[in-house]
Every structure is written in C-alpha cells, then in structure tokens.
2 protein chains.
Amino acid sequence: MKTQLHVKMNEALYLRNPESTILGKNILKQSIILIHKSGFENFTFKKLAELIGTTEAGVYRYFENKHKLLVYLTAWYFAWIEFKIMFHTNNMSNPVFRLMRVISLLSETVGDDLQTEYIDESLLHQIIIAEGSKAYLTKQVGDDNKQQFFKPYKDLCAVISKLILDCNPAYKYPKSLASTLIEMAHFQKFFMNNLPSLTDFSATKNDSDIVAFLTDLVCRSLSIKNSEASF
Amino acid sequence: MKTQLHVKMNEALYLRNPESTILGKNILKQSIILIHKSGFENFTFKKLAELIGTTEAGVYRYFENKHKLLVYLTAWYFAWIEFKIMFHTNNMSNPVFRLMRVISLLSETVGDDLQTEYIDESLLHQIIIAEGSKAYLTKQVGDDNKQQFFKPYKDLCAVISKLILDCNPAYKYPKSLASTLIEMAHFQKFFMNNLPSLTDFSATKNDSDIVAFLTDLVCRSLSIKNSEASF
DNA sequence: TACAAATAATAGCAAAACTATCATTTTTTA
DNA sequence: TAAAAAATGATAGTTTTGCTATTATTTGTA
C-alpha cells in the first residue's frame with residue numbers, strides 16, 4: 001500500500017468537503033481536467049456538471065462559485081509543494097543544496113512520485129502556472145486573505161525565505177526573493193511556452209534552463225559560488 | 001502648450017479607434033476609472049455605458065469585448081513606459097545608471113509628468129499591477145500573440161534586456177531578467193499592499209524598498225558594485 | 001444643403017451564475 | 001433493522017452578462 005498524502009484544507013473554502021464523497025472527489029478531478037482544457041474563463045459549473053454526469057446544483061452544493069474552487073485548487077497545490085519540499089530535502093544538511101533542490105521542485109515538470117487518487121498533480125501544476133495568479137489578483141483579495149485562503153502560499157514562502165536566510169543570514173530580502181522564485185518558476189515557464197521572446201529559453205523549451213536562470217539569480221543574490229551549489 | 005504623447009495602437013485591438021472621437025476617449029477614460037474601482041471581473045460594458053451616459057451597444061462599437069479593451073490598455077501602458085524610459089534616460093551615458101533609472105520608473109508610483117488628457121496614467125499603472133497579467137494568462141494567448149497584441153510588452157523587454165547586456169555583455173539571461181524585473185515591479189507592489197507577508201516591505205509600504213530589492217537583484221546578477229550604481 | 005458618419009434608443013437572445021424545491025437514494029446510527 | 005439524516009437527482013426559475021440587430025436621430029463635412 002502506498003502512502004497517501006492528505007492535505008487538510010481550510011473549511012471556509014467549500015460548502016461541503018469535496019474530499020468526503022465520491023461526487024466531491026469527482027468535482028476536484030474533473031474540474032482540473034476541464035480548467036486545463038478550456039481555461040478558467042471558459043470554465044463553468046454547468047459544463048463541469050455535464051462532464052461529471054451530475055447537475056449544476058450538485059456542484060454548487062460543494063463550492064460557492066468557481067473562484068472559491070480555484071482558490072481551493074491553488075491552496076491545495078501550494079500545500080502539496082511545501083510537503084514535497086519537506087519530503088525531498090529532509091535528509092539534506094547543506095542549506096545551499098536544499099535551496100537548489102527547491103528551485104528544481106518549483107520549476108520542473110511534475111512527476112508522479114507523490115500521488116493523490118483524485119488529483120492529477122501534473123495537470124494541476126499546469127493550471128497553477130496559467131491561472132494561479134487569478135486566485136489573488138482580485139478585488140476580494142483582502143477578504144480572502146482575512147479568511148486565510150492564501151495560508152499555504154504564505155507558508156511555502158516562509159519555508160523558502162528561512163532557507164534563504166540559512167544560506168546567507170545577512171540577506172535583506174528573503175521573503176521577496178522567495179515570492180520572486182515561486183512566481184518566476186511559473187511565469188518564466190508560461191512565457192517560454194507562450195511568449196518566448198520574454199525569455200532566453202525559446203530555442204530549447206527546457207525546464208532545466210529555467211532552473212539555471214533561477215539558480216544563478218539566487219546564488220548571486222546570496223553570494224553563493226556556483227561551484228558550491230553544483231553537485 | 002504641453003507636448004502631447006500619442007501612442008500608435010495596433011488596429012486589430014479595436015473596432016473603431018477610441019482615440020478618434022469624444023465617446024471613444026470617454027470609453028478609455030471611464031473604463032480605467034471603473035476597472036480600478038470594481039476590478040476587471042466585476043467590470044461590464046453595461047456599467048461602463050451607464051457611467052459614460054451612452055448605451056451598451058455604443059461601447060461595443062469600439063471594442064469587441066472587455067478582454068480586448070484590457071489588452072488595449074495593457075499595450076498602451078507598456079508603450080507608454082517604454083517612451084518614459086527613453087525620455088528619462090536618453091541623456092544618460094552610463095548604462096548602469098540607466099538601468100537603475102529603469103528600475104525606479106517601473107516600480108515607483110506614477111507622477112503626472114507625461115500626461116494624456118483621456119488617460120489617467122496613475123490609475124492605469126494600478127490597474128496593470130492588479131489586472132495586467134490577465135491580458136495574457138488566457139487560452140487565446142497564442143492567437144493574441146500572433147496578432148502582435150503583446151508587442152509593446154516585448155519591445156519594452158527587449159529594451160531592458162539590451163540595457164542589461166550593455167552593463168554586462170557576458171550575462172546569460174538578459175530577457176528573462178528583464179521580464180522578471182517588469183513582473184516583480186508589479187507583483188511585489190501588489191503583495192506589499194495586499195499580501196504583505198510575501199514581501200519584506202510590510203512595515204514601510206514604501207516603493208523605494210521595492211526599488212532597493214530589485215536593484216540588489218540586478219546588481220548582483222550583473223556583478224555591478226552597489227557603490228557603482230548609487231549616485 | 002445634402003451626404004455620410006456617428007450615436008441614441010430600443011429590443012431581443014443565449015449563456016452564465018446562481019437559488020429553490022421536492023422526490024429519491026444512500027448512509028448512518030439508535 | 002427501522003428510522004432518521006445526509007446526499008443526490010431532477011426540475012424549474014431568476015438575474016446578470018455578453019452580445020447582435022434595427023431604426024431613428026444627431027452631428028460633422030464636402
């Protein structure tokens with residue numbers, strides 16, 4: 001039996017816990033597929049219901065609206081990334097190596113190592129790249145934040161910023177550098193695939209180039225010798 | 001008489017040129033006010049029409065839909081920023097100083113130096129921070145890009161990346177660093193005001209902190225001594 | 001003055017974004 | 001195992017959004 005990862009979600013994100021029923025799990029699973037396919041703007045609860053074989057009202061019993069669903073998926077993703085980071089760097093003693101590993105984990109295409117039956121992590125990763133910012137780039141960001149909807153993002157940022165300080169305690173902007181890493185791991189990948197002239201990776205379209213860019217950025221910012229960081 | 005800035009826009013962005021008529025200029029002016037006030041998701045052509053004192057159909061004669069309008073505003077903003085950069089750095093011979101100036105121009109609250117009668121640049125700047133990414137984070141990004149809708153963004157990125165190479169011809173990631181600067185000038189400001197724990201500027205809420213962060217990032221990436229950059 | 005262009009006024013439609021009701025099925029638990 | 005509770009399905013209906021079409025009127029211009 002495989003170890004199953006379970007993420008405890010903020011209860012204010014849903015009306016009925018989608019993880020507690022088959023229909024709920026189906027809503028999560030198929031919404032990821034549908035948002036990935038049609039984009040968040042063209043995604044509706046009606047289309048989702050048809051895909052699942054339930055009714056619109058059925059979906060509304062779980063999520064108040066599609067914005068809450070997106071915030072839910074985003075929160076799940078960041079909690080999952082944080083767990084992944086813990087899992088893959090726990091045994092590393094050198095903070096520089098750990099930070100380099102974090103950059104890979106943020107930038108590289110998701111494998112199938114830590115699976116959840118009803119969530120396709122690889123698709124979710126792609127959704128977050130293209131739609132994740134829309135979870136907080138809204139007028140309600142203040143209210144949503146008060147309800148702790150973005151806690152997983154902030155927690156991840158805190159973990160990375162602590163790691164940054166472990167590498168260089170004198171560095172002045174650990175949190176901003178952490179959020180820059182997270183955002184740029186996503187944006188550079190989006191640009192690489194969709195607006196390539198905004199990046200230097202148009203020719204290769206290779207994740208490892210993004211890793212190299214972010215690694216360079218961090219190493220220089222923290223005065224880490226590149227030789228010290230490679231292994 | 002003041003020098004009036006005129007930005008030549010991509011004709012595929014509109015149905016009828018909004019700059020050619022009073023109603024069109026009003027659509028631009030009031031849409032900026034309304035999007036700023038209610039956010040892009042809650043913004044509709046009907047509400048805009050009511051605000052202006054025209055009809056919904058009247059607005060539709062100028063813009064196909066609200067997405068095109070947002071792309072128009074985004075394109076206008078980036079063309080304007082590029083002009084501003086040219087204008088304010090033209091007389092500077094030292095590329096490092098120029099680059100530092102660019103960081104300020106990207107990050108700092110917009111003053112009223114280069115004005116256009118029907119566009120409130122300060123409000124537009126705030127809109128771009130919160131809504132700008134939505135112009136390209138869509139399923140149609142490929143089509144929109146083929147129609148050159150994002151040319152002003154790419155041009156700005158090209159200008160900055162050239163400047164980066166002027167400072168350090170050996171630097172490997174000029175375009176990605178340029179797009180990182182542009183995006184982070186916006187995102188760090190959004191975070192500072194709305195999700196402060198993702199930044200190191202929660203206490204001050206001061207633009208100059210963002211400038212300091214980005215300056216540090218760039219100087220270290222390009223091996224520029226901070227003393228060399230300050231003036 | 002007449003001609004074209006732009007605008008206003010109005011109507012209407014399809015889809016999206018919900019809410020409500022009630023019957024039926026499934027699950028829980030007393 | 002029967003009764004209560006919870007979840008689902010089926011259906012219907014409302015308001016708003018997003019968009020198109022038509023016709024009349026105004027405004028600018030040759």
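For A:Leu70 and C:dA17, the CG to P distance is 13 Å, given to the nearest whole Å. Whole-Å rounding puts the A:Ile52 CD1 to D:dA10 P distance at 14 Å. Spacing between atom NZ of A:Lys66 and atom P of D:dT17 amounts to 14 Å, rounded to whole angstrom units. Atom P of nucleotide D:dT17 and atom CG of A:Asn42 are separated by 18 Å, given to the nearest angstrom. When rounded to the nearest whole Å, the span between CD of B:Glu64 and P of D:dT20 equals 8 Å. To the nearest angstrom, P of C:dT10 lies 14 Å from CD of B:Glu50. Rounded to an integer number of Å, the gap from B:Leu23 CG to D:dT26 P is 17 Å. In this structure, NZ of A:Lys46 is placed 13 Å from P of D:dA12, rounded to the nearest angstrom.
Of the candidates B:Asn193, B:Ile129, B:Ile210, B:Gln188 forms a side-chain contact (heavy atoms from CB on, under 4.5 Å) with just one, namely B:Ile210. For the side-chain contact (heavy atoms from CB on, under 4.5 Å) with A:Ser176, the qualifying choice from B:Leu214, B:Asp209, B:Thr199, B:Leu198 is B:Thr199, the only one to do so.
Note on B:Thr21: every side-chain N or O is 4.0 Å or more away from OP1 and OP2 of C:dA6. The phosphate of C:dA5 has neither OP1 nor OP2 within less than 4.0 Å of any side-chain N or O from B:Arg16. A sub-4.0 Å separation between OP1 or OP2 of D:dT17 and a side-chain N or O of B:Lys47 is present. Considering only side-chain N and O atoms, B:Tyr62 lies nowhere under 4.0 angstrom from the phosphate OP1 or OP2 of C:dA6.
Positionally, the nearest nucleotide of DNA chain C for B:Ile22 lies more toward the 5' end than for the other of B:Thr55 and B:Ile22. Checking B:Gly53 against A:Asn65, the closest nucleotide of DNA chain C that is more toward the 5' end is the one next to B:Gly53.
You'll find a donor-acceptor pair under 3.5 Å spanning the side chain of B:Arg61 and the base of C:dA8, going by distance alone. In this model, a side-chain donor or acceptor of A:Glu56 finds a partner on the base of C:dC18 within 3.5 Å.
Side-chain proximity of B:Ala57 to D:dG9, C:dT7, C:dT10: nearest is C:dT10. In this structure, of D:dC19, C:dA16, C:dA6, it is D:dC19 that holds the atom nearest to the side chain of B:Tyr60.
Evaluation of the ring-ring contact (aromatic ring centres under 6.0 Å, His included) test over residues 27-49 of chain A, restricted to residues two or more places apart or in two chains, returns A:Phe45-A:Tyr60.
The number of heavy atoms from other shown groups lying within 6.0 Å of NZ (B:Lys25) is above 12.
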Steps toward ring-ring contact (aromatic ring centres under 6.0 Å, His included) verdict (B:Tyr14, B:Phe63): CA-CA 5 Å; B:Tyr14 51 76; B:Phe63 289 100; 7.0 Å; no

